[in-house]
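These notes concern the structure reproduced below.
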Amino acid sequence: MREGHQGTGPGAITPDGCAVELYSRLPAGAEPDIVAAAVPEGARILELGSGVGRMTHPLLERGFTVTAVDESAEMLEHVRGARTIRSPIEDLDLGERFDAVMLASFLVHTGDVEVRRGLLRTCARHVEEAGCVLIQREGADYHTNLPRERVDPSGFTVRILSADPVGDGVNSVRAEYEFPDAVWTQTFRARPLTREQFEEALGEAGLAVDRYLTEDETWVRAVPARQGQRRTAAVRSPARAPS
């Protein structure tokens with residue numbers, strides 16, 4: 001187990017406290033559509049932290065080629081139709097680049113700053129110069145107004161029970177997932193990031209925000225900083241009059 005992470009409930013539990021069976025039950029929701037709208041048609045996507053393929057499979061159905069990376073062999077056993085690689089994200093170096101790199105599931109909010117830097121460096125290391133990195137952020141109220149719960153249309157309840165400070169700006173978050181036949185809990189450490197802190201972290205890795213993809217700014221399209229600088233320069237440069 002990673003420090004500060006644990007999980008309970010039926011089946012295998014991964015090093016960050018995720019329950020494999022639980023994640024095999026969770027719906028993909030609107031997230032594959034958000035990704036599909038932000039990348040070129042037929043793009044090669046590197047999915048970091050794929051889990052059981054909750055988003056992998058819908059992206060494959062939309063015609064994308066996906067390489068799925070996860071540190072859990074039990075998670076990757078559920079992935080079908082994609083190339084799979086077992087590795088901690090922060091250690092990954094495939095020696096190749098992709099049209100798009102995806103870092104979902106709020107992984108950018110890991111409590112360990114060095115791990116976060118490693119995650120973002122991995123994104124930057126694997127994205128094509130003209131490509132993009134898609135990152136999922138926490139919502140602005142994720143750690144406040146607790147406890148709270150949401151009943152999913154598919155019939156289960158998600159509860160965020162607590163987010164208790166453990167020092168250095170990090171919270172220990174406890175979540176519960178209740179299904180008619182089973183209950184899972186997960187405890188993990190997360191670091192809230194303001195928009196400014198998030199963009200600064202991207203800059204450290206040589207990335208820059210291209211645009212926020214959702215109204216709540218939880219999905220972000222980032223690009224290599226050089227690409228963003230070229231776009232800015234192109235906008236600022238006056239058009240040359242024809243001779």
Donor-acceptor list for residues 30-49 side chains, cut-off 3.5 Å, not counting sequence neighbours:
unit_1	atom_1	unit_2	atom_2	d
E31	OE1	R54	NH1	3.2
E31	OE1	R54	NH2	3.2
E31	OE2	Q136	NE2	3.2
D33	OD1	R62	NE	3.3
D33	OD1	R62	NH2	2.8
R44	NH1	R97	O	2.9
R44	NH2	E96	OE1	3.1
E47	OE1	T56	OG1	2.5

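In this structure, the salt bridge (Lys or Arg N to Asp or Glu O under 4.0 Å) partners of E71, at least two apart in sequence or on a different chain, are R2. Legend: residues meeting salt bridge (Lys or Arg N to Asp or Glu O under 4.0 Å) with E114, ordered by chain and number and at least two apart, are R117. The salt bridge (Lys or Arg N to Asp or Glu O under 4.0 Å) test applied to E77 returns no partner, not counting sequence neighbours.
Sorted by first then second residue, the ring-ring contact (aromatic ring centres under 6.0 Å, His included) pairs that include residues 146-186, not counting sequence neighbours, are F156-F179, F179-W184.
Closest non-hydrogen pair, L92 versus R125, comes out as O-NH2, 2.6 Å. Across every non-hydrogen atom of E138 and P192, the tightest pair is OE1-CA, 4.2 Å. For A205 against L120, the heavy-atom pair with the smallest separation is CB-CB, 3.6 Å. Scanning all heavy atoms of the two residues, the minimum distance from T187 to S172 falls at CG2-OG, 3.5 Å.
Side-chain atoms of H5 do not come within 3.5 Å of backbone N or O of M1 as any donor-acceptor pair. Within the 3.5 Å criterion, the main-chain N or O of V170 finds no donor-acceptor partner in the side chain of D168.
Here the straight-line distance linking atom CD of E178 with atom CZ of R159 works out to 4.5 Å at 0.5 Å rounding. How far CD of Q186 is from CD of Q6: 10.0 Å, rounded to the nearest 0.5 Å. Considering CG of N145 and CD1 of I160, their distance stands at 12.5 Å, rounded to 0.5 Å. For the atom pair NE2 (H109) and CD1 (I135), the distance works out to 9.5 Å, reported to the nearest 0.5 Å. Residue R121 holds its CZ atom at 10.5 Å from CG of D91, rounded to the nearest 0.5 Å. Atom CZ of residue F64 and atom CE of residue M55 lie 10.5 Å apart, to the nearest 0.5 angstrom.
When hydrophobic residues (I, L, V, M, F, W, Y) are linked wherever their side-chain heavy atoms come within less than 4.5 Å, the members clustered with L76 are V79.
Between S72 and D70, the side chains place no donor N or O within less than 3.5 Å of an acceptor N or O (distance only, hydrogens not considered). The closest side-chain donor-acceptor pair between T110 and D112, if any, does not fall under 3.5 angstrom.
Between D152 and R150 the shortest side-chain heavy-atom distance falls below 4.5 Å. In this structure the side chain of L202 reaches within 4.5 angstrom of the side chain of V209, judged on heavy atoms. Under the 4.5 Å side-chain criterion, counting only non-hydrogen atoms from C-beta, V20 is in contact with T14.
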Using salt bridge (Lys or Arg N to Asp or Glu O under 4.0 Å), reason through D181 and R25 one step at a time and then give a plain yes or no. CA-CA 12 Å; D181 61 339; R25 298 186 183 198; 2.8 Å; yes
